[in-house]
Amino acid sequence: MARPLRNHNLSRIYAAEPTVTNGTGMFSKNPSSNGHTARKRVEPFKVPTSLDLLHDPALNKGRAFNEAERQALGLTGLLPPRIITLEDQAKRVIATVRSKKTDLDRYNSLIGLQDRNETLFYYVLIHHLEELMPIIYTPTIGQACQQYGHIFRRARGMYISDRDRGHIREVLGNWPQDDVRVIVVTDGERVLGLGDLGAHGMGIPVGKLSLYTACAGVRPSQTLPITLDVGTDNEELLASPVYLGLPHKRMRGEEYDRFIEEFIYAANDRFPGVLIQLEDFGRENAFRLLEQYRDKVCLFNDDIQGTAAVTLAGLLSSLRITGKKLGDQTVLLFGAGEAATGIADLIVLAMVREGIPEEIARRKCWLMDSKGLVVRSRNDLADNKLAYAHEHEPLPDLFSAVQALRPTALIGASGKSSAFTQAVLSTMAAYNEHPIVFALSNPTSQSECTAEECYQFTDGRAIFASGSPFPEVRMKERTITPGQANNAYVFPGIGLGVIASGARRVTEEMFYEAAKALAGEVTPADLAMGRIYPGLDRVREVSAVIATAVAQVAFKKELATVEEPPNVLGWLESLMYVPDYASYV
Ligand code: NAI
């Protein structure tokens with residue numbers, strides 16, 4: 001059962017940051033050194049003046065600079081004379097964003113704002129998160145990456161290419177902030193379900209880190225998006241004059257491994273203990289790199305582990321509707337890549353926690369890849385699939401697999417659009433009173449089925465969730481709100497918990513606890529609407545709860561590097577960044 005909804009006082013979560021002025025125009029640019037880790041405090045920082053101030057997105061306030069600041073900081077005459085507040089600026093921004101014709105235009109408008117005035121950007125984003133998340137993240141972010149060469153205006157984050165081999169540490173030294181706590185890094189080989197976009201994958205780390213700040217209050221200055229430009233095998237990009245990366249084929253093999261190793265240790269040297277989130281790497285590298293580094297540094301892979309946590313949470317919530325236990329489930333994962341294997345592994349861990357022997361738990365999870373059901377007799381299976389290669393006759397297609405296995409839950413993570421056909425869905429509905437159907441593939445164009453198809457072909461009985469958002473569906477006098485299995489529910493909270501506790505490693509148990517915490521935040525009202533995740537409007541509150549669960553694992557397992565406070569939730573909430581203008585004079 002979900003805990004009763006705590007009446008979170010927004011002002012508590014959004015509590016304004018302390019004013020950073022010290023009356024002499026000096027302030028810590030990074031007031032984030034708020035004592036929650038053992039890091040040393042950054043040196044006081046002198047506020048720049050004139051155009052330097054207006055061109056610094058972390059400090060710029062645009063028309064909100066007051067008269068005293070304008071005079072003291074050489075801004076008089078450089079801004080229109082009429083002063084407006086942050087709230088008024090935000091109203092103008094959202095009106096402008098809404099007036100744009102396409103989502104990509106909206107994305108460009110928001111990124112432009114992020115490049116000019118970060119505080120205003122986050123203020124708008126946090127206050128309109130549900131509306132804007134699909135713009136700065138999936139699905140629009142997919143389009144943005146596909147168009148990156150055309151829409152690129154100003155570099156954000158860092159690009160590290162093979163030209164930097166041997167001196168990556170030096171290159172990282174160019175980043176102006178010393179107190180970076182989280183890096184999201186991609187090599188752009190498998191961007192969403194869109195394939196190899198090379199250096200144009202940069203949109204993803206930028207978007208994800210914006211969500212770290214918006215959803216979990218990680219300070220913008222503590223985040224660093226990085227693209228490792230190791231080339232691309234995308235012929236269209238290689239031939240394109242607007243491609244931003246070095247136009248050569250992907251680096252592979254030992255050369256690639258050495259490059260990644262240099263990067264991981266250089267990042268840890270430059271930003272000791274930094275949390276590294278691997279993002280949108282190709283399948284083979286993703287598993288290998290996770291295995292290689294998860295016990296050596298503070299690192300996780302969101303495509304594998306974050307997806308697993310959000311999906312397990314959805315499954316646990318679904319069971320509150322079906323009234324069944326996790327151990328009663330037969331789960332068929334359509335797709336056998338990063339997302340699907342990660343999900344299967346975490347479901348197995350959760351079943352084991354319910355007392356089911358691991359071997360039996362594994363047998364309750366089945367995978368399908370592009371060649372059919374993953375079975376023991378196949379000799380073409382990658383390592384990640386072997387644990388789920390059960391004894392069974394080979395089955396080439398999903399429909400026959402659903403007929404043969406009678407799964408209670410069907411989870412799509414294949415990138416294959418429309419794979420959940422009417423026949424597949426109605427068969428699921430024939431075997432289950434409430435079939436669990438998750439069509440996780442992103443962006444929307446790749447989804448295995450739409451929400452409407454799912455409800456229509458299961459007589460409105462399915463419990464549905466998708467990777468990208470779908471609108472409400474009207475079924476027999478009832479309005480169903482499809483759940484979004486959005487990783488943004490979990491990775492920001494996990495990040496906050498890891499960063500705040502100074503955890504030295506990110507463990508599987510953290511993802512399991514994060515999933516349980518997320519499921520615990522789903523209210524009976526959510527379930528009544530057909531929604532198996534909390535509303536996105538509560539994501540900051542939910543992130544704080546997830547961060548608490550994660551930090552508690554760090555404290556319990558002696559992975560933390562700070563002392564455990566008496567009230568972990570209250571402590572984490574108090575650390576969350578709130579966009580507000582500091583006073584400079
Ligand atoms: P991946 O490339 O590692 O795996 C894709 C898998 O799908 C492979 O096993 C492949 O054999 C299989 N596949 C491809 N075509 C198929 C077909 N016709 N029939 C059966 N299997 C087929 O990719 P990854 O990272 O696992 O992502 C897969 C999808 O899941 C992507 O669209 C991605 O956007 C989505 N995803 C969604 C998330 C969410 O909703 N929260 C999070 C992470 C990924």
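Every number for a ligand or one of its atoms is a count from 1 in the order of the listing.
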[X] vs [Y] aromatic rings, parallel, tilted or perpendicular, using cut-offs 30° and 60°?
X	Y	result
F152	Y159	perpendicular
H200	Y148	tilted
F511	F300	tilted

Shortest protein contact, [atom] (heavy atom only):
atom	value
atom 24 (P) of ligand 1	R190 NH1, 3.2 Å
atom 5 (C) of ligand 1	A413 O, 3.8 Å
atom 36 (N) of ligand 1	L440 O, 3.9 Å
atom 7 (O) of ligand 1	S414 CA, 3.3 Å
atom 4 (O) of ligand 1	G337 CA, 3.2 Å
atom 19 (N) of ligand 1	F334 CZ, 3.2 Å
atom 33 (C) of ligand 1	N442 N, 3.9 Å
atom 2 (O) of ligand 1	R283 NH2, 3.1 Å

Quick check: does N487 get an N/O under 3.5 Å from an N/O on ligand 1? yes

Under a 4.0 Å threshold between the charged nitrogen and the carboxylate oxygen, would [Y] count as salt-bridged to [X]?
X	Y	answer
K371	D369	no
K325	E354	no
K296	E261	no
D229	R250	no

Judged by heavy atoms only, the candidate from G282, S468, G467 nearest atom 40 (O) of ligand 1 is G467

Using a 4.0 Å cut-off to any heavy atom of [X], which atoms of ligand 1 qualify?
X	answer
A339	24 (P), 25 (O), 26 (O), 44 (C)
G415	29 (C), 32 (O)
G193	31 (C), 32 (O), 34 (O)
S441	29 (C), 30 (O), 32 (O), 35 (C)

Give a yes-or-no answer on whether the side chains of N432 and T408 include a donor-acceptor pair shorter than 3.5 Å. no

Proximity to ligand 1 by part of K416, non-hydrogen separation under 4.0 Å: side chain

Checking heavy atoms under 4.0 Å, the part of S370 that sits near ligand 1 is both

State, to 0.1 Å, how close I411 and F420 come at their nearest heavy-atom pair, and which atoms those are. C-CZ, 4.1 Å

Specify the closest pair of heavy atoms between L315 and A409, including all atoms of both residues, with the distance to one decimal. CD1-CB, 4.1 Å

